[in-house]
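Predicted model, so just to flag it, every value in this text is computed and none were measured. Values below: all heavy atoms of this structure, side chains included; hydrogens, waters and symmetry mates excluded.
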Amino acid sequence: CKEDEMRAKRWSMKLKGKVILVFGLLLLSLGCRLSSPTPVAWVPTATAQQRAQTETASAQAQATLTAQVTKIPTSTPTSLPPTPTIAEDGPWLVFANQAGTGYYAHDVDSGTLIPLDLPPALDPLDLASGISPDGKRLLVRAGELEALTDLGFYLIEDPWQPAEKITALLSEQLIADILAERGKQPKMALQAVLQPNPVSWTANSHQAVFPLALEDLSSDLYLYNPQAGTFKRLSERFQQEFAPLWAPGQNWLVFQEVNSYATPDDWEVSLIGAWKMPKQDELRFLFEPKATGNWEHYVGWLTPEELVSYTATETGGTDLHLSNLGTGKSVVLFYGAFNSVALDPAHGSIAVSVNSAEGKIGGRKPGIYFSKSGGLLFYLLMEGEFEHLEFAPEVGHFIATGKSGVLQFDGNGILARLEADQRISFSPDGKWAIGWGTNGARLYYADGMHLQNLTEQSVSTVVWQKDGKGIYMLEPDGLYQLRFPLLQHKLVTADVYQGSEQAFAWLASH
């Protein structure tokens, strides 16, 4: 990544006057555009190309204006700011610091950056699963591994207040056993509570489930009610249980299990199961993953009771499963190794990406394999090397990056492409798109009409505001905020985690 920050040239007073006039005309045009519906075709269609020819003058003026946008740095606070004002009441973008050991909350409106008051973070990706669906509560793990008594789950509701430790991760007896090295099971329990994606919230945000090792020598699943501040132990098995996942209807709770007594020297997932909730009167043993897997990755729900998952390995995924919680049966939809998978639950479509290395193992051509029938039949839709496969619910189509740019496609083939970009991020309403990658970032209408260049620096993450009125872009020299209509680059902080685009969460105001 390039380290030099792009700096724009200063304008003369005379030139500023011309820009203000041009920009005023552009704002008037944009206002008309916002008040009318926008087609969701995403790339330049014939209509978009014709319109581009008639709007050349405005587009050139907008590009010229964009080239002059100045990045305005702000300082990173080292202590908690004073009592918040009305303008500093959220929502906040929560993200990890560069070392991944702490969190910040950035107020969208005021621009205030708040360092959260809690012990060192254990995993910055806790932000992905720890945020409740309504955005009002955030659960993260924190503490020092060198001081096991400090390890715990912390609840964050207001970034202006210290985080609340709601429970320890380990019992005092288990900690003593670990320190005294009494067997291998205590360390297995510690490993279980440190597994990724530890939290699963109910759809109504009323309850959460996560693993704790508070009884005996194993981790168990606990049900947490934040309103009442209560806990309920859900499982009492001697195996290590972790990675809970609520079904959409909250009638099933999926979990993973490691029989650490059978494999005390290796972490191997031995079982994927599900409890019938809320009475736990039925236990489904869905399937046993391959021994080569470290955990099972949940892709998503094909129906409210049909879960798609695959066994995660060091090089990618293998054996795409469809598990029916109602019947307790599981089948393999796609055998062998693959790079990534995406799911469209509305139409029951599944896309699987296989690269050259994985294709050699399974005897498949590299490309994207597609199923319109919920995985019953896959066919080679597009041949070649692809990455960043995902489903974009904002526009209702699949997205992948290939040699010819970012592609939007469905089961019939390519619908559109953006040749200048490596990734794409859509606004929550699907009307706007940010194309981004190592060659910078650009703003488009959803139909592919280019609006303006946002930066020439490499961009590794784009996060849209929930209201669609602004974006955050992660660049080599820090995290920037850009807000409509000016989209000026404003540095939030250089102290930001660069390890994953999932290390961000929106915390809503109460």
Carboxylate-amine/guanidinium proximity below 4.0 Å for D177 and K184: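 Looking at D177 and K184, the cut-off is not met.
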[Y] and [X] side chains, donor-acceptor separation under 3.5 Å:
X    : Y    : answer
Q185 : S260 : yes
Q422 : T438 : yes
E296 : S309 : yes
D266 : T263 : no

Please check this pair: side chain of [X] against backbone of [Y], looking for a donor-acceptor N/O pair closer than 3.5 Å.
X    : Y    : answer
Q280 : L234 : yes
R137 : G130 : no
Q481 : V108 : yes
N453 : T455 : no
S205 : S132 : no
N324 : G326 : yes

Centroid-to-centroid, [X] to [Y], below 6.0 Å?
X    : Y    : result
W267 : F242 : yes
F153 : Y224 : no
H397 : F391 : no

Atom pair CG (L286) and CH2 (W252), whose distance is rounded to the nearest 0.5 Å: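 Going from the CG atom of L286 to the CH2 atom of W252 covers 8.5 Å.
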Do the rings of Y104 and F95 sit parallel, tilted or perpendicular, given the 30° and 60° boundaries?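 It falls in the tilted class, 30° to 60°.
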Classify the angle between the aromatic ring planes of Y261 and F238 as parallel (below 30°), tilted (30 to 60°) or perpendicular (above 60°).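 The arrangement is perpendicular - the two ring planes meet at more than 60°.
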Would Y310 and H321 satisfy ring pair (Phe, Tyr, Trp, His ring centres under 6.0 Å), going step by step from the backbone distance to the final call? CA-CA 6 Å; Y310 64 83; H321 280 90; 10.0 Å; no
Please name the pair of heavy atoms, one in A168 and one in L212, separated by the smallest distance, quoted to 0.1 Å.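 Closest approach of A168 to L212: O-CD2, 3.5 Å.
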E305 side chain reached by N251 side chain, heavy atoms, under 4.5 Å: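 The answer is yes; the side chains approach within 4.5 Å.
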